Amino acid sequence: MKTVIVVHGGAWAIPDLLAEASVAGVKNAARAGDTVLKNGGSAIDAVEKAVRSLEDDPTFDAGHGAVLNIDGEVELDSVIMNGETLAAGAVASVRNIANPVSLARAVMEKTDHVMLTDRGASMFAERIGIPVSHDLVTEPERKEWEHSNSYGAGVKQLYNTQWGHDTVGAVALDSFGNVACATSTGGIRNKMVGRVGDSPIIGSGGYADNRSGAVSCTGHGESILKVTLARLILFHMEQGKSATAAATSSLQYMGERVKGCGGAIVLSSTGDWAAGFTTPRMAWASIKEDVLHWGLNPKEEFTEMLKC
């Protein structure tokens, strides 16, 4: 089976100031995941590696670049899912973990549960030796948060201007024919304390099933939750649609039904993949058969042959 990795850095109105860094970040993450796959690693290893790369990059709203809630705190959400067994793990409202995707994987592999939240997730992280991180807030985010607070900007205003939907994610197909997905986010700036969006919710922020494919979503979390976007996309694929057609029709439905914008990366169990979005921009990248594809603007795709 030919391996495939697809990653995204969030669907939103990415400003020109962050455009170059966003593209560089998703390309680096795709290469990280591709290296795992080329060395015989599993799809679950590849998506974790790719998302960790994005969590470590302060350009993105996950891990080290997370936005702040209304109280000026970081609250992180993540999910990871194995398409071979439907095993899944998720964490929500985690405050001091640099790589919540790895904590989500630990929930999947080391507990009898699927999701842990807030204090319980932190207690579990401490018990298994995941270190606490106190440097997740960047100076630019602190300034943006203070600026938005001084003008009383709420979540609805931020959403209406299409800012702050900067989730990250990855989907992969390994040489054994297994698919996996992972999604991670800091949410939306000025969200209520304890707010959880789509990202850690199976079927909304992500889903993986060898019988159909894998999806990671991004965009307005409440809208994605209402239409269970990841599962909706895979439903269309199960009905015979291509990855591109399934993503397009599902995102269009979300826009018409609940007025929500967003994006998704999609990968079928046969290697058909797509990256679609209804926001002004989404940074994405994929690698299949030593060809790196990437884009940022609508209907944009660049390719580059990778050196062996």
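The structure displayed is predicted, hence computed values, not measured ones.
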- Applying the 4.5 Å side-chain criterion to the ILVMFWY set and letting contacts propagate, would V168 and V47 be lumped into a single cluster? yes

- Message: Under 3.5 Å, is there a donor on one side chain and an acceptor on the other for T138 and H64?
- Response: no

- Main-chain N/O of E73 paired to D71 side chain as donor or acceptor, under 3.5 Å: no

- Item | Shortest non-hydrogen contact between L234 and A214, atoms and distance | CD2-N, 4.0 Å

- Query: Where the side chain of D174 meets the backbone of S42, is there a donor-acceptor pair that is under 3.5 Å apart?
  - Reply: no

- Task: Carefully, step by step, assess E75 and N69 under the rule side chain to side chain donor-acceptor pair (under 3.5 Å).
- Result: CA-CA 7 Å; E75 288 184 305; N69 67 17; 3.1 Å; yes

- Message: Given T185, which partner from the list T218, D77, T167 fulfils the side chain to side chain donor-acceptor pair (under 3.5 Å) test?
- Response: T167

- Task: Mind jotting down which residue pairs meet the ring pair (Phe, Tyr, Trp, His ring centres under 6.0 Å) criterion with at least one end in residues 227-282? Sequence neighbours excluded, please.
- Result: W273-W284, W273-H293

- Message: If only side-chain N and O atoms count, and only distance matters, is there a donor-acceptor pair under 3.5 Å linking N99 with E55?
- Response: yes

- Item | Side chains of N210 and T85 in contact at under 4.5 Å (non-hydrogen atoms) | no

- Item | Atom pair CE/NZ of M254 and K259 - distance to nearest 0.5 Å | 12.5 Å

- Message: So L225 and I201, do their side chains get closer than 4.5 Å, heavy atoms only?
- Response: yes

- Task: Locate the shortest heavy-atom distance separating V7 from A50; write the atom from each residue and the value.
- Result: CG1-CB, 3.8 Å

- Message: Return the OG to CZ distance between S78 and R105, rounded to the nearest 0.5 Å.
- Response: 12.0 Å

- Message: When you compare the side chain of V94 with that of V91, does any pair of heavy atoms fall below 4.5 Å?
- Response: yes

- Message: Can you tell me how far apart CD1 (I130) and CG (L103) are? Round to the nearest 0.5 Å.
- Response: 4.5 Å

- Query: Is it the case that one hydrophobic cluster holds both V179 and F176, taking links as side-chain heavy atoms less than 4.5 Å apart, direct or via other members?
  - Reply: no

- By side chain to side chain donor-acceptor pair (under 3.5 Å), E256 pairs with (sequence neighbours left out) Q252

- Message: If you define the side chain from C-beta out and look only at heavy atoms, does anything of E304 sit under 4.5 Å from K27?
- Response: yes

- Message: Holding to side-chain contact (heavy atoms from CB on, under 4.5 Å), I want the full list of residues that pass it with V79, two or more places apart in sequence or in another chain.
- Response: A90, T183, I202

- To the nearest 0.5 Å, tell me how far R119 CZ sits from S93 OG. 13.5 Å

- Mind checking whether L292 and R31 have side chains closer than 4.5 Å, heavy atoms only? yes

- Query: Hey, are the side chains of L229 and S204 touching, using non-hydrogen atoms and a 4.5 Å cut-off?
  - Reply: no

- Message: Can you tell me how far apart CG (N96) and OG (S133) are? Round to the nearest 0.5 Å.
- Response: 7.5 Å

- Measure the CG-CD1 distance between L136 and I97 for me, rounded to the nearest 0.5 Å. 8.5 Å

- Message: With a 4.5 Å cut-off on side-chain heavy atoms, are L173 and N178 touching?
- Response: no

- Apply the test side chain to side chain contact (heavy atoms under 4.5 Å, CB included) to residues V137 and V74: give CA-CA distance (whole Å), side-chain angles for both, the deciding distance (0.1 Å), then the verdict. CA-CA 7 Å; V137 182; V74 166; 3.6 Å; yes

- Query: Would I265 and V215 count as a side chain to side chain contact (heavy atoms under 4.5 Å, CB included) if you check the C-alpha gap in whole Å, the side-chain angles of each, and the deciding distance to 0.1 Å?
  - Reply: CA-CA 6 Å; I265 48 173; V215 178; over 6 Å; no

- Side-chain touch I80/I44, heavy atoms, less than 4.5 angstrom: yes

- Is a salt bridge present between D56 and R52, judged by a nitrogen-to-oxygen distance below 4.0 Å? no

- Query: For E238 and R231, what are the C-alpha separation, side-chain angles and deciding distance, and is it a salt bridge (charged side-chain N to carboxylate O under 4.0 Å, His left out)?
  - Reply: CA-CA 10 Å; E238 290 162 1; R231 196 67 192 83; 3.2 Å; yes

- Message: Tell me which pairs pass salt bridge (Lys or Arg N to Asp or Glu O under 4.0 Å) where either residue lies in residues 198-213, with sequence neighbours left out.
- Response: none

- Which is it for V51 and S184 under the side chain to side chain contact (heavy atoms under 4.5 Å, CB included) test, yes or no, and what are the steps along the way? CA-CA 7 Å; V51 170; S184 186; 3.7 Å; yes

- Is R195 salt-bridged to E222, cutoff N-O under 4.0 Å? yes

- Task: Could you tell me whether E126 atom CD has more than 12 heavy atoms of other residues or ligands within 6.0 Å of it?
- Result: no

- Look at the side-chain heavy atoms of Ile, Leu, Val, Met, Phe, Trp and Tyr, link any pair under 4.5 Å apart, and say whether V114 and L86 land in one connected group. yes

- Message: L296 vs M282, test: side chain to side chain contact (heavy atoms under 4.5 Å, CB included). Steps then yes/no.
- Response: CA-CA 5 Å; L296 179 70; M282 182 178 81; over 6 Å; no

- If you look at every heavy atom in W294 and T303, which pair is closest and at what distance? CZ3-C, 4.0 Å

- May I ask you to check whether R95 and S122 show a side-chain donor-acceptor distance below 3.5 Å? no

Please output the side-chain donor-acceptor pairs of residues 15-26 that fall under 3.5 Å, not counting sequence neighbours, one pair per line with the distance.
from	atom 1	to	atom 2	distance (Å)
D16	OD1	R281	NH1	3.0
D16	OD1	R281	NH2	3.1
S22	OG	L18	O	2.7

- Task: Under the side-chain contact (heavy atoms from CB on, under 4.5 Å) rule, collect the residues that match up with D272, sequence neighbours excluded.
- Result: S242, A243, S268, T270

